[in-house]
Protein chains: 2
Amino acid sequence: MKLQVLTIHENQKVQKLIIRGIRDLINYKNLEPGDKLPSERMLSEKFNVSRSNVREAIQKLEFYGLLKSKPQSGTFVANIGVTAMNGMIEDILRLDEPDFKSLVETRILLELKTARLAALRRTEEDLKSMEEALQAYNKKVMNGEDAVQEDLLFHLAIAKASGNSTMNTFMLIIIPGIITNFQKHHVCDAGLAQRGIRDHQAIFDAIQDKNPQLAKQKMKEHFKELYNYCYNLE
Amino acid sequence: MKLQVLTIHENQKVQKLIIRGIRDLINYKNLEPGDKLPSERMLSEKFNVSRSNVREAIQKLEFYGLLKSKPQSGTFVANIGVTAMNGMIEDILRLDEPDFKSLVETRILLELKTARLAALRRTEEDLKSMEEALQAYNKKVMNGEDAVQEDLLFHLAIAKASGNSTMNTFMLIIIPGIITNFQKHHVCDAGLAQRGIRDHQAIFDAIQDKNPQLAKQKMKEHFKELYNYCYNLE
DNA sequence: ATTTTAGGATTGGTAAACCAAATTTTAAGT
DNA sequence: ACTTAAAATTTGGTTTACCAATCCTAAAAT
């Protein structure tokens with residue numbers, strides 16, 4: 001049936017078409033939370049696409065918590081109403097790749113909080129992980145090597161110590177975009193790394209001392225240059 | 001080869017096995033950013049699993065920005081170093097379903113910021129969307145109906161108006177979990193809804209007046225009860 | 001020696017066939 | 001009539017086969 005491989009762009013278009021189709025179906029058939037969607041085979045026939053495409057689209061909506069597939073049984077509308085469903089799908093369709101500024105803005109917001117929470121909740125094990133990450137970073141910087149990765153792993157250790165799994169996940173999602181953009185824009189040049197050692201130590205100490213205010217403050221200072229840099233980007 | 005359908009739990013185990021395998025492979029073969037992974041067929045043979053399983057695992061690592069598949073070419077190690085790769089995979093394997101407290105904590109953090117940003121950046125179109133969501137919520141509450149969905153769509157409209165696509169995405173990820181937990185714990189009972197109308201109006205007004213401080217303040221007040229509720233959960 | 005080109009091998013993507021669990025329908029038993 | 005059991009159908013998941021784009025090799029042309 002399909003005679004040529006689709007580009008990524010074309011594939012996205014097909015997926016959006018299917019997602020819109022599913023949304024319309026839910027509206028047209030007045031499907032309530034818990035109701036069953038037509039089978040993947042029927043959907044693929046109805047939308048005139050392959051079953052693989054349908055499965056991909058369903059997986060995406062499953063990721064955003066809107067559908068739930070049960071093996072050998074069917075795909076079901078999640079336990080959030082039709083209104084929320086429509087609003088969310090509209091937004092999901094509109095989503096595009098995040099820009100660097102948006103990533104950094106969100107990162108700073110998250111990390112001021114994780115630093116504070118880590119100071120409140122860190123265990124001895126958390127401290128150990130953070131210290132290891134700290135040492136790895138210092139060692140690289142001392143040798144004059146690039147240490148972007150070790151830098152971010154230290155920050156990730158703080159996120160883990162915050163005891164908030166959602167923020168930890170969000171940091172994981174953000175980090176790759178941060179790293180690649182850092183390399184692209186050459187953010188971490190010059191003496192920034194040397195200063196990073198002192199900054200990190202101050203943050204670590206505050207968390208170790210269980211001083212949330214100070215931890216947040218030190219993290220804020222650490223981000224000061226980055227903040228200014230990113231707000232002057234374009 | 002495979003003779004029975006795997007439970008979700010078993011499937012997760014297989015996926016983690018493959019992810020660990022890929023990590024070990026990258027380390028053992030000293031694969032650098034940009035290098036090509038063995039083909040899906042070879043991986044499935046090496047790990048003694050189906051190619052579908054391999055593809056799922058690769059998709060997951062692609063979501064977290066660690067790999068990148070190119071059609072008819074291969075799967076490549078993303079442009080972040082081995083160190084970050086190892087650290088992140090370790091954390092990804094450890095991730096579990098977020099708890100309600102973690103969701104609410106993150107939501108409040110995000111929304112205090114989106115309210116502030118929306119007051120700074122909202123367009124006339126944003127205002128219109130927010131007002132529509134506001135009206136839908138009010139109408140439901142006036143009729144004594146449950147309005148959890150309309151409530152969250154208003155908050156989502158604010159996130160959209162913040163002009164930060166990352167925070168917008170994160171709100172979308174959080175919302176379904178919030179809704180289901182709200183229903184489970186009966187958070188939105190009683191006169192909370194009536195108060196919600198006034199709260200929302202105050203937030204909207206502040207954003208319309210481009211008053212970021214006030215917008216954040218009103219959002220904070222709006223969350224006060226929710227905040228206390230969730231911190232006393234267990 | 002270098003570049004070009006052609007053919008075969010490799011690759012991720014896709015379509016189709018197949019599986020067993022779950023569901024529905026049907027029929028048998030009481 | 002109602003309950004129970006069994007057979008047929010439907011379903012998402014899985015495996016297999018296939019496709020065209022890409023990559024690799026090496027021979028041919030300059």
Side-chain angles (χ1 to χ4, degrees), chain A residues 1-19 21-22 25-26 29 31 34-78, chain B residues 1-19 21-22 25-26 29 31-32 34-63 65-78:
Chain A
M1 195 70 83
K2 176 110 46 97
L3 292 180
Q4 69 173 11
V5 171
L6 297 180
T7 66
I8 294 175
H9 184 68
E10 288 166 329
N11 200 343
Q12 295 274 358
K13 272 207 155 186
V14 171
Q15 195 174 98
K16 289 191 176 186
L17 200 88
I18 300 172
I19 290 179
I22 292 177
L25 206 65
I26 291 175
K29 291 207 172 186
L31 295 183
D35 286 354
K36 192 164 81 171
L37 233 58
S39 72
E40 295 178 352
R41 287 170 183 79
M42 290 183 65
L43 290 176
S44 73
E45 195 176 341
K46 183 178 178 70
F47 301 140
N48 201 29
V49 295
S50 76
R51 210 185 129 194
S52 316
N53 293 137
V54 172
R55 282 177 66 79
E56 274 179 46
I58 288 177
Q59 272 175 25
K60 182 157 190 175
L61 293 180
E62 243 185 305
F63 170 77
Y64 283 103
L66 301 184
L67 297 178
K68 180 71 191 162
S69 279
K70 291 185 185 177
Q72 278 68 46
S73 177
T75 302
F76 298 85
V77 179
Chain B
M1 197 66 84
K2 174 111 45 100
L3 292 181
Q4 70 174 12
V5 172
L6 297 180
T7 66
I8 295 174
H9 185 68
E10 288 167 329
N11 200 342
Q12 295 273 1
K13 271 207 154 188
V14 171
Q15 195 175 95
K16 289 191 176 187
L17 200 89
I18 300 171
I19 291 179
I22 292 178
L25 207 64
I26 291 175
K29 291 205 171 188
L31 296 183
E32 297 286 318
D35 286 354
K36 192 165 79 170
L37 234 58
S39 72
E40 296 177 352
R41 287 170 183 78
M42 290 183 63
L43 290 176
S44 73
E45 195 176 343
K46 183 178 177 68
F47 302 140
N48 201 30
V49 295
S50 77
R51 211 185 127 195
S52 318
N53 292 136
V54 172
R55 282 177 64 81
E56 275 179 45
I58 288 177
Q59 273 175 23
K60 181 155 191 176
L61 293 180
E62 244 185 306
F63 170 77
L66 301 183
L67 298 178
K68 180 72 190 159
S69 278
K70 291 185 184 177
Q72 278 66 45
S73 177
T75 302
F76 298 85
V77 179

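Lettering follows sequence order; numbering is per chain, from 1.
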Which of these nucleotides, C/dT14, D/dT11, D/dC19, is closest to any side-chain atom of B/R41?
->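 Given the options C/dT14, D/dT11, D/dC19, the side chain of B/R41 is closest to D/dC19.
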For the side chain of A/R51, counting heavy atoms from C-beta on, which of D/dT15, C/dA15, D/dT14 is nearest?
->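 The answer is D/dT14, which lies nearest to the side chain.
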Could you tell me how far apart [X] ([atom1]) and [N] ([atom2]) are, to the nearest whole angstrom?
| X | N | atom1 | atom2 | value |
| --- | --- | --- | --- | --- |
| B/K68 | C/dG13 | NZ | C1' | 14 Å |
| A/N48 | C/dA15 | CG | C1' | 14 Å |
| B/L37 | C/dT11 | CG | P | 11 Å |
| B/K70 | D/dC23 | NZ | P | 8 Å |
| B/N11 | D/dT15 | CG | P | 10 Å |
| B/E45 | D/dT16 | CD | P | 12 Å |
| A/D35 | D/dT11 | CG | P | 15 Å |
| B/Q12 | D/dG13 | CD | P | 13 Å |

For [N], take OP1 and OP2 only and decide whether either is under 4.0 Å from a side-chain N or O of [X].
| X | N | answer |
| --- | --- | --- |
| A/S50 | C/dA15 | yes |
| A/T75 | D/dG12 | yes |
| A/S39 | D/dT11 | yes |

Tabulate atom names and distances for all N/O pairs under 3.5 angstrom spanning the protein and nucleotides 22-25 of chain C.
{"from": "C/dA22", "atom 1": "O4'", "to": "A/Q72", "atom 2": "O", "distance (Å)": "3.3"}

Using a heavy-atom distance cut-off of less than 4.0 Å, which residues of residues 55-64 of chain A contact DNA chain D?
->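 Contacts with DNA chain D under 4.0 Å: A/R55.
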Where is the tightest heavy-atom contact between B/V54 and B/I18, given as atom of each residue plus distance?
->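 Residues B/V54 and B/I18, closest heavy atoms: N-CD1, 3.9 Å.
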Rounded to the nearest 0.5 Å, how far does [atom2] of [Y] lie from [atom1] of [X]?
| X | Y | atom1 | atom2 | result |
| --- | --- | --- | --- | --- |
| B/F47 | B/I19 | CZ | CD1 | 10.5 Å |
| B/L37 | B/F76 | CG | CZ | 9.5 Å |
| A/L17 | A/I22 | CG | CD1 | 10.5 Å |

Set of residues satisfying ring pair (Phe, Tyr, Trp, His ring centres under 6.0 Å) with respect to B/F63, sequence neighbours excluded =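 For B/F63 the ring pair (Phe, Tyr, Trp, His ring centres under 6.0 Å) partners, ignoring immediate neighbours, are A/F63.
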Just wondering, are more than 12 heavy atoms of other shown residues or ligands nearer than 6.0 Å to CD in B/E45?
->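 No, not enclosed.
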